[in-house]
Amino acid sequence: MINQRSLRTSILLLLASFVAGTLAATYRVTDYGAEGDGITNDTEAFTNAWRAVCLNSREASVLHIPGGKVYLLGLTKFRGPCNHYVRVQVDGNLKRVDEVWSDDDNNWLLFINLNGITVAGAGEIDGQGASWWACKEAKALDKRTLVFPAKIFDHDRSIFNMIDYDARVQSLALLHVTKAQVLGLSFKNSAMMHVAIGMSVGVRISNLKITAPAESPNTDGIHVERSRHVIISDCQISTGKSSDRVTLGIEKSYATAEGIHVSDSTIVRTDNGVRIKTWQGATGFARDISFRNISLTEVRNPIIIDQFYCPRGGCKNETSAVQVSNVKFIGVKGTSANDMAIRLECSQSSGCHDVVMEDVDIRNAVPGEQAQAFCFNAHGKKAKVVRPDVPCLSY
């Protein structure tokens, strides 16, 4: 198991080698045919450049995406394992092709099976999610009677029936990675999740700016599941749905999350702020999770632990549940767009244990209205000021 000290040490050693000039070579996507004109589909050029840096390099190397250009990309896989550590330097802007995919694999930029990867730079990653949002809304209303965007369905309107709009559509996904970093990038308008981490160990995410319109559905900022030792810090998130969340136990699965720490981040006008949600009937654990120094502005649900997650309704009460413990909310402050600012709804069978709230101050965004807290079967402590008061926690 990787602890926080070894994770930081590993990352520092990787950065030290980078600064010391031991990176063997730089592979530019433009040398493999990428146009970067915002019109030409550059997916093949990126794929070829990745294969070269991943499989041909003899030492740690750089995949460079030059600035001053806009690269149009479809589904792009950055698949390992690679010979050595790779830094993907994103100086240009990336834009998703404006299509609605029927493919089951909807990770736009997928980094998978890698040990030692950094994705960093000042570039912008544009998910062009408006078509997805429109179709998701249309399906929710009545797919048989509505008129859809012509550019999507001109050739074959039956594609509408093929698409799973509840599927997770990530702009950037890290799956089965270790010793990974995502640094400094800007994300906007993802079809659904902007950044997703799954089945990974030792991930650091820092200094991201993530934005999407308030009406965009399920455009989570950063989503983490079945992962350990994830550090998220200094991020600004303003999206239509969740910001930072941990999700476990879909379809009664065994799921774990451990060593996840979110700090020094700003969340503005999202549906959800800091959130742990688990499906009923699952098993496993979520533990050693912390949210520190989080600033909230008009967030609808600022703090949530939800062990009764049931997005479509009609779920029966189950006896088994993911074990939630050692969760800390420290220095979480700001305003709630709803009266209910804090909800700790824990499993009836197992409950949540060792929940800590310290220096938490969430006010109602409506002047004169009071913020409220609700808890069920949650146990733990509170320290310093906790506003609104959480009655199930003791001083």
Side-chain angles (χ1 to χ4, degrees), residues 1-4 6-8 10-11 14 50 54 75-82 85-86 88 103-119 164 166-183 187 190-206 208 218 220-233 235 242-262 275-279 281-290 307 309 320-327:
M1 180 180 294
I2 298 176
N3 60 34
Q4 294 301 316
S6 64
L7 167 61
R8 292 190 178 96
S10 298
I11 290 174
L14 288 173
W50 172 258
C54 179
L75 291 167
T76 307
K77 291 182 174 66
F78 302 88
R79 184 183 297 277
C82 294
Y85 162 78
V86 177
V88 180
D103 197 310
D104 289 337
D105 185 358
N106 287 317
N107 297 299
W108 173 31
L109 306 173
L110 173 62
F111 292 83
I112 185 168
N113 294 333
L114 294 164
N115 179 23
I117 178 73
T118 293
V119 185
D164 180 5
D166 295 322
R168 300 175 181 181
V169 185
Q170 288 87 214
S171 281
L172 187 148
L174 303 176
L175 302 180
H176 299 284
V177 302
T178 58
K179 299 177 185 176
Q181 301 183 98
V182 182
L183 310 174
F187 292 81
S190 178
M192 286 182 68
M193 303 170 190
H194 287 79
V195 178
I197 302 163
M199 296 160 285
S200 297
V201 179
V203 180
R204 185 166 76 95
I205 296 176
S206 184
L208 303 188
N218 296 103
D220 299 37
I222 301 170
H223 173 96
V224 181
E225 66 175 83
R226 288 183 283 177
S227 298
R228 294 181 290 125
H229 304 297
V230 178
I231 301 171
I232 302 169
S233 64
C235 295
S242 299
S243 52
D244 295 323
R245 77 177 186 183
V246 180
T247 304
L248 300 100
I250 188 170
E251 297 180 351
K252 300 184 180 181
S253 62
Y254 175 83
T256 65
E258 182 179 16
I260 296 172
H261 305 287
V262 183
R275 180 186 190 189
I276 298 172
K277 72 177 187 183
T278 70
W279 297 68
T283 56
F285 59 82
R287 65 194 182 201
D288 187 21
I289 298 171
S290 68
Q307 291 210 269
Y309 183 66
S320 61
V322 172
Q323 304 290 315
V324 176
S325 64
N326 191 14
V327 179

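Quick caveat: nothing in here was measured; it's all calculated off a predicted structure.
- Looking only at distances, no side-chain donor or acceptor of Gln181 sits under 3.5 Å from a matching main-chain atom of Ile205.
- When every heavy atom of Leu183 is checked against every heavy atom of Leu208, the shortest pair comes out as C-CD2, 4.0 Å.
- The shortest distance between side-chain heavy atoms of Arg275 and Tyr309 falls below 4.5 Å.
- How far NZ of Lys179 is from CZ of Arg204: 15.0 Å, rounded to the nearest 0.5 Å.
- Scanning all heavy atoms of the two residues, the minimum distance from Val322 to Thr283 falls at CG2-O, 3.8 Å.
- Remark: Thr178 OG1 to Asn115 CG distance equals 3.0 Å, nearest 0.5 Å.
- No side-chain heavy atom of Ile232 sits under 4.5 Å from any side-chain heavy atom of Ser206.
- Atom CG of residue Asn107 and atom CE of residue Met193 lie 9.5 Å apart, to the nearest 0.5 angstrom.
- Ser171 pairs by the side chain to side chain donor-acceptor pair (under 3.5 Å) definition with Ser190, not counting sequence neighbours.
- In plain terms, the two heavy atoms of Ser227 and Met199 that are nearest each other are OG-N, 3.2 Å.
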>> Using side chain to side chain contact (heavy atoms under 4.5 Å, CB included), reason through Val88 and Thr118 one step at a time and then give a plain yes or no.
In response: CA-CA 6 Å; Val88 180; Thr118 293; over 6 Å; no

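- Across Leu174 and Ser200, no two heavy atoms sit closer than the pair O-OG, 3.5 Å.
- The two residues Gly80 and Cys54 come nearest to each other via the heavy atoms CA-SG, 4.4 Å.
- Taking the side-chain contact (heavy atoms from CB on, under 4.5 Å) definition, one finds that Ser290 meets it with His261, Arg292, Lys328, sequence neighbours left out.
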>> Is there a side chain to side chain contact (heavy atoms under 4.5 Å, CB included) between Cys82 and Leu114? Walk through the geometry before answering.
In response: CA-CA 7 Å; Cys82 294; Leu114 294 164; 3.6 Å; yes

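- His194 places no side-chain N or O within donor-acceptor distance of the main-chain N or O of Phe187, the cut-off being under 3.5 Å.
- Asn113 contributes atom CG, which lies 12.0 Å from atom NZ of Lys77 (distance to the nearest 0.5 angstrom).
- Contact of the Val203 side chain with the Val177 side chain is registered, since non-hydrogen atoms from C-beta on lie closer than 4.5 Å.
- Of all heavy-atom pairs between Ile197 and Val230, the closest is CD1-CG1, 3.9 Å.
- Shown here are the side-chain contact (heavy atoms from CB on, under 4.5 Å) partners of Thr76, two or more places apart in sequence or in another chain: Thr43, Phe46, Thr47, Leu73, Phe78, Leu109.
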> Stepwise, does the side chain to side chain contact (heavy atoms under 4.5 Å, CB included) test hold for Ile117 with Tyr85?
Replying inline: CA-CA 6 Å; Ile117 178 73; Tyr85 162 78; 5.7 Å; no

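- To the nearest 0.5 angstrom, Leu175 atom CG is 9.0 Å from Glu225 atom CD.
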> Hey, mind stepping through Glu258 and Phe285 against side chain to side chain contact (heavy atoms under 4.5 Å, CB included) and telling me if it holds?
Replying inline: CA-CA 8 Å; Glu258 182 179 16; Phe285 59 82; 3.9 Å; yes

